[in-house]
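Quick caveat, the model's predicted, so the values are computed rather than measured.
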Amino acid sequence: MNLRSLFYFIFILCFTSACNHLDQSCLEINWYELGRQDSTRGLNQSDSFAERQKICSIEPDSIQAKAYDNGFSAGLISYCNFKTGYIYSLSQMKKEVSTCPEELKMEFVKGYEIGTYMKKIQTLQKEIQNKIQYLNKKLENHNSHISLAE
């Protein structure tokens, strides 16, 4: 076996083992759980699944696709609610409601808006506290000047 043949043999061996690894990892995926996790992160269902569909060569009507869709739907209940909207706004994360169905979207938006108001209130509170500290220091300096003058 010459060097060139050896190289081709190693290349083919590596390529086929990589393909087997890819197929094996695609088979080991819990498609329901993956769909649920994607929706609880506010990801777009078609974009998220399309990328994985290419990598794992999944047919749109396959068992994996249906499991992903079911998991995604289940995860929407955890994502599209008041609490998540509130948390997203407080942590200043981008509001992603495009994945939410209409019947759940309003709760997320309400939570997001209230969280936005709370964030504004917290900012104003800090500004007021800083102003009070500034005025107290100024008053202390003024009082110390008065006591020195006496």
Side-chain angles (χ1 to χ4, degrees), residues 11-150:
F11 175 76
I12 290 171
L13 184 66
C14 290
F15 181 75
T16 56
S17 68
C19 290
N20 286 341
H21 177 70
L22 178 64
D23 293 342
Q24 186 64 30
S25 67
C26 287
L27 292 173
E28 293 173 359
I29 292 173
N30 180 337
W31 291 95
Y32 177 89
E33 183 59 24
L34 184 62
R36 192 191 66 72
Q37 288 175 6
D38 284 353
S39 64
T40 57
R41 291 191 316 235
L43 299 178
N44 180 290
Q45 182 176 8
S46 58
D47 293 344
S48 299
F49 184 72
E51 196 169 309
R52 292 180 176 99
Q53 188 177 14
K54 286 182 210 171
I55 294 169
C56 293
S57 302
I58 296 172
E59 295 297 319
D61 294 335
S62 67
I63 292 171
Q64 292 93 339
K66 289 176 184 169
Y68 182 88
D69 290 343
N70 289 338
F72 197 92
S73 295
L76 287 175
I77 295 168
S78 298
Y79 175 76
C80 301
N81 59 46
F82 181 91
K83 182 179 178 181
T84 304
Y86 184 79
I87 290 168
Y88 264 50
S89 65
L90 288 180
S91 59
Q92 297 179 325
M93 294 173 74
K94 185 179 174 190
K95 176 172 63 171
E96 289 294 339
V97 293
S98 60
T99 60
C100 297
E102 287 301 317
E103 63 272 10
L104 299 175
K105 191 179 286 189
M106 288 307 297
E107 285 301 307
F108 182 93
V109 171
K110 283 180 193 175
Y112 195 90
E113 288 173 352
I114 289 175
T116 300
Y117 291 129
M118 286 300 296
K119 191 72 176 170
K120 287 178 183 177
I121 289 170
Q122 289 171 349
T123 302
L124 289 172
Q125 270 182 322
K126 281 185 179 179
E127 288 174 10
I128 291 169
Q129 286 172 345
N130 289 340
K131 189 72 168 179
I132 289 170
Q133 285 176 350
Y134 169 77
L135 292 172
N136 279 336
K137 284 182 182 180
K138 205 169 180 179
L139 184 61
E140 285 175 19
N141 286 338
H142 181 68
N143 287 340
S144 67
H145 288 329
I146 292 174
S147 65
L148 288 175
E150 292 176 350

Handout entry: Within 6.0 angstrom of Glu59 CD, more than 12 heavy atoms from elsewhere
Key = no
Practice task
Count the heavy atoms belonging to other residues, nucleotides or ligands that lie under 6.0 Å from CD1 of Ile63, then report whether that count exceeds 12.
Solution key: no
Handout entry: Glu107/Lys110 salt bridge by N-O under 4.0 Å criterion
Key = yes
Practice task
Look only at the side chain of Thr84 and the backbone of Ser78, and say whether a donor-acceptor pair between them is shorter than 3.5 Å.
Solution key: yes
Practice task
Any pair with a residue in residues 37-46 that passes side-chain hydrogen bond (donor to acceptor under 3.5 Å, both in side chains), sequence neighbours left out, goes on the list, sorted by first then second residue, please.
Solution key: Glu33-Gln37, Asp38-Arg41, Asp38-Arg52, Asp38-Tyr68, Asn44-Ser46, Gln45-Asp69
Roughly how far apart are [X] [atom1] and [Y] [atom2], rounded to 0.5 Å?
{"X": "Arg36", "Y": "Asn30", "atom1": "CZ", "atom2": "CG", "value": "9.5 Å"}
{"X": "Leu104", "Y": "Phe82", "atom1": "CG", "atom2": "CZ", "value": "14.5 Å"}
{"X": "Cys26", "Y": "Ile29", "atom1": "SG", "atom2": "CD1", "value": "5.0 Å"}
{"X": "Asn141", "Y": "Lys137", "atom1": "CG", "atom2": "NZ", "value": "9.5 Å"}

Problem - Chi angles and distances behind the side chain to side chain contact (heavy atoms under 4.5 Å, CB included) call for Ile132, Asn136 - result: CA-CA 6 Å; Ile132 289 170; Asn136 279 336; 3.6 Å; yes
Problem - Minimum heavy-atom distance between Pro101 and Leu76, given as atom pair plus value - result: CD-CD1, 3.8 Å
Handout entry: Of all pairs that satisfy disulfide bond (SG atoms under 2.5 Å apart), the ones with a partner from residues 60-139, not counting sequence neighbours
Key = Cys80-Cys100
Sequence neighbours excluded and cut-off under 3.5 Å, please list the side-chain donor-acceptor pairs for residues 117-130, or say none.
residue, atom, partner, partner atom, Å
Thr123, OG1, Lys119, O, 2.9
Asn130, ND2, Lys126, O, 3.3

Heavy atoms, side chains only, cut-off 4.5 Å: are [X] and [Y] in contact?
{"X": "Ser89", "Y": "Glu113", "value": "no"}
{"X": "Leu43", "Y": "Thr99", "value": "no"}
{"X": "Tyr79", "Y": "Phe72", "value": "no"}

